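I have placed the structure first, in the form of structure tokens, so that the comments after it can refer back to it.
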Number of protein chains: 2
Amino acid sequence: MSIPIPGQQVRGSKSGKPIMALLDLLGRTWALGVIWNLSQGPATFRELQQRCEQISPSLLNTRIKELKQLSIIEVVDEGYTLSQQGVDLFTIISPLSSWSKDWAANIETAKPQLEN
Amino acid sequence: MSIPIPGQQVRGSKSGKPIMALLDLLGRTWALGVIWNLSQGPATFRELQQRCEQISPSLLNTRIKELKQLSIIEVVDEGYTLSQQGVDLFTIISPLSSWSKDWAANIETAKPQLEN
DNA sequence: AACACTTGCTACTAAATCAGTAGCAAAGTA
DNA sequence: TACTTTGCTACTGATTTAGTAGCAAGTGTT
């Protein structure tokens, strides 16, 4: 598995645009989930694993390596934590929480039409 | 492949929380990319495929079905377009573009340390 | 009508990624 | 010393993605 370094080709994109590298990174299983769960505060490996609903350690470790190398998370005494950049990133995506609730309510309403 | 409907279990999460369904959805290859590229305006199937750097038609179709069923994109005369909810979603994530540029610049600077 | 194009999409195979489980080395604790 | 906890690696099987070929339906042209 290669880490999507901005400026280089990434999975599915040859442009090297930073946004494509980011979308590649965030488009990996649990990448957003790890960031999301770390926003609650630092966590040890096993605690982070619990927050992520028992994600397998191999996958968690892979995600950690990627996010660490890309300076989104970092290691501190208490375990892993979001870096300043990671915090900024989370700030951007945090409104997704309330958006997703509206969305869920809407889909609920629209359900009868989903059959088509 | 099952579509991550909020309120039900999704890949990696049994909680049924809307945010987890959303993170699952967005954590699939090209889901964010499709939304990103549709934000430029409606596109036909083949044009969308081009905007997504020749994503394979089978995968594009899969993503389209998911996003359509979840009311994030919809069909219009010109092809596919973001729904109002999709536009709202894009509004939230659009700052990722500038964030990713800062991020890229930062990683560039930090590169000598990446070797460790 | 016959032909050539375009469009939306399905089918299929191979490669990559993810899930799930077992377990080990190192560090801490009793 | 023996027992736990922690961080992590290894391995296997299942799922997802990439890449390519191509077809049916619609459109335009001659």
Side-chain angles (χ1 to χ4, degrees), chain A residues 1-5 8-15 20-21 23-35 37-38 41-70 73-81 116, chain B residues 1-4 8-15 20-21 23-38 41-70 73-81 116:
Chain A
M1 165 167 336
S2 71
I3 295 180
I5 298 173
Q8 299 181 191
Q9 281 195 199
V10 297
R11 182 178 57 160
S13 174
K14 297 172 191 64
S15 67
M20 296 313 291
L23 295 187
D24 176 8
L25 179 68
L26 298 184
R28 296 178 178 194
T29 309
W30 275 108
L32 279 165
V34 166
I35 294 170
N37 284 305
L38 271 185
T44 62
F45 188 93
R46 296 226 173 185
E47 196 197 321
L48 185 51
Q49 207 186 341
Q50 283 190 316
R51 289 189 195 171
C52 294
E53 309 186 39
Q54 300 303 344
I55 175 181
S56 78
S58 44
L59 181 57
L60 177 57
N61 190 240
T62 303
R63 284 298 99 85
I64 283 176
K65 276 182 190 160
E66 292 165 1
L67 294 170
K68 200 167 54 179
Q69 178 158 148
L70 294 171
I73 69 178
E74 57 192 23
V75 180
V76 290
D77 286 347
E78 304 97 309
Y80 299 101
T81 192
N116 303 321
Chain B
M1 164 167 335
S2 70
I3 296 181
Q8 298 180 190
Q9 282 194 197
V10 297
R11 183 177 56 161
S13 174
K14 296 170 193 63
S15 66
M20 295 314 291
L23 296 186
D24 176 8
L25 179 68
L26 299 183
R28 296 177 179 195
T29 311
W30 274 109
L32 279 164
V34 167
I35 294 170
W36 200 267
N37 284 304
L38 271 185
T44 62
F45 188 93
R46 295 228 173 184
E47 196 197 322
L48 186 51
Q49 206 186 343
Q50 282 191 315
R51 288 189 195 169
C52 295
E53 308 186 40
Q54 299 305 342
I55 173 181
S56 80
S58 46
L59 181 58
L60 176 56
N61 191 240
T62 303
R63 285 297 99 86
I64 283 177
K65 277 181 189 162
E66 293 165 1
L67 294 170
K68 201 167 51 179
Q69 178 158 147
L70 294 172
I73 70 177
E74 58 193 20
V75 180
V76 289
D77 285 348
E78 305 98 308
Y80 299 101
T81 192
N116 302 320

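Lettering follows sequence order; numbering is per chain, from 1. Note: hydrogens, waters and symmetry copies are ignored here, and every other heavy atom, side chains too, is used. Predicted model, so just to flag it, every value in this text is computed and none were measured.
- Comparing C/dT21, D/dT20, C/dC18 by their closest approach to the side chain of A/R63 singles out C/dC18.
- Here D/dA18 presents its P atom at 6 Å from CZ of A/R11, a figure rounded to the nearest Å.
- The nearest whole Å value for the distance from the CG atom in B/D24 to the P atom in D/dT15 is 15 Å.
- Annotation: side-chain contact (heavy atoms from CB on, under 4.5 Å) contacts of B/E78 (sequence neighbours excluded): B/P42, B/V76.
- In this entry the distance linking CD1 of A/I55 with C1' of C/dC18 reads 10 Å, nearest Å.
- In terms of the side-chain contact (heavy atoms from CB on, under 4.5 Å) criterion, residue partners of B/Q50 (sequence neighbours excluded) are, by chain and number, B/Q54.
- Nucleic acid contact for A/T29: sugar-phosphate only, since backbone atoms but no base atoms lie under 4.0 Å from a heavy atom of the residue.
- In this structure, A/E66 places its CD atom 13 Å from C1' of C/dA16, rounding to the nearest Å.
- Here the C1' atom of nucleotide D/dT16 and the CG atom of B/L59 are 9 Å apart, to the nearest Å.
- Distances shown here put every side-chain N or O of A/S58 at or beyond 4.0 Å from the OP1 or OP2 atom of D/dT9.
- Taking A/E47 as the reference, A/R51 meet the side chain to side chain donor-acceptor pair (under 3.5 Å) condition, with sequence neighbours excluded.
- Residues that satisfy the side-chain contact (heavy atoms from CB on, under 4.5 Å) test with B/S58, not counting sequence neighbours, are B/S56.
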Check step by step if side chain to side chain contact (heavy atoms under 4.5 Å, CB included) holds for A/L25 and A/L67.
-> CA-CA 8 Å; A/L25 179 68; A/L67 294 170; 4.0 Å; yes
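- The separation between A/Q54 atom CD and C/dT21 atom P is 10 Å, rounded to whole Å.
- Atom P of nucleotide D/dA18 and atom CG of B/L60 are separated by 11 Å, given to the nearest angstrom.
- Considering only residues two or more places apart in sequence or on other chains, B/T44 meets the side chain to side chain donor-acceptor pair (under 3.5 Å) condition with none of them.
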Look for any protein N or O under 3.5 Å of an N or O in nucleotides 5-8 of chain D and output each such pair with its distance, or none.
residue	atom	partner	partner atom	Å
D/dG7	OP2	A/F45	N	3.1
D/dG7	OP2	A/R46	N	3.0
D/dG7	N7	A/R46	NE	3.0
D/dG7	N7	A/R46	NH2	2.8
D/dG7	O6	A/R46	NH2	2.5
D/dC8	OP1	A/Y80	OH	3.3
D/dC8	OP2	A/Y80	OH	2.4

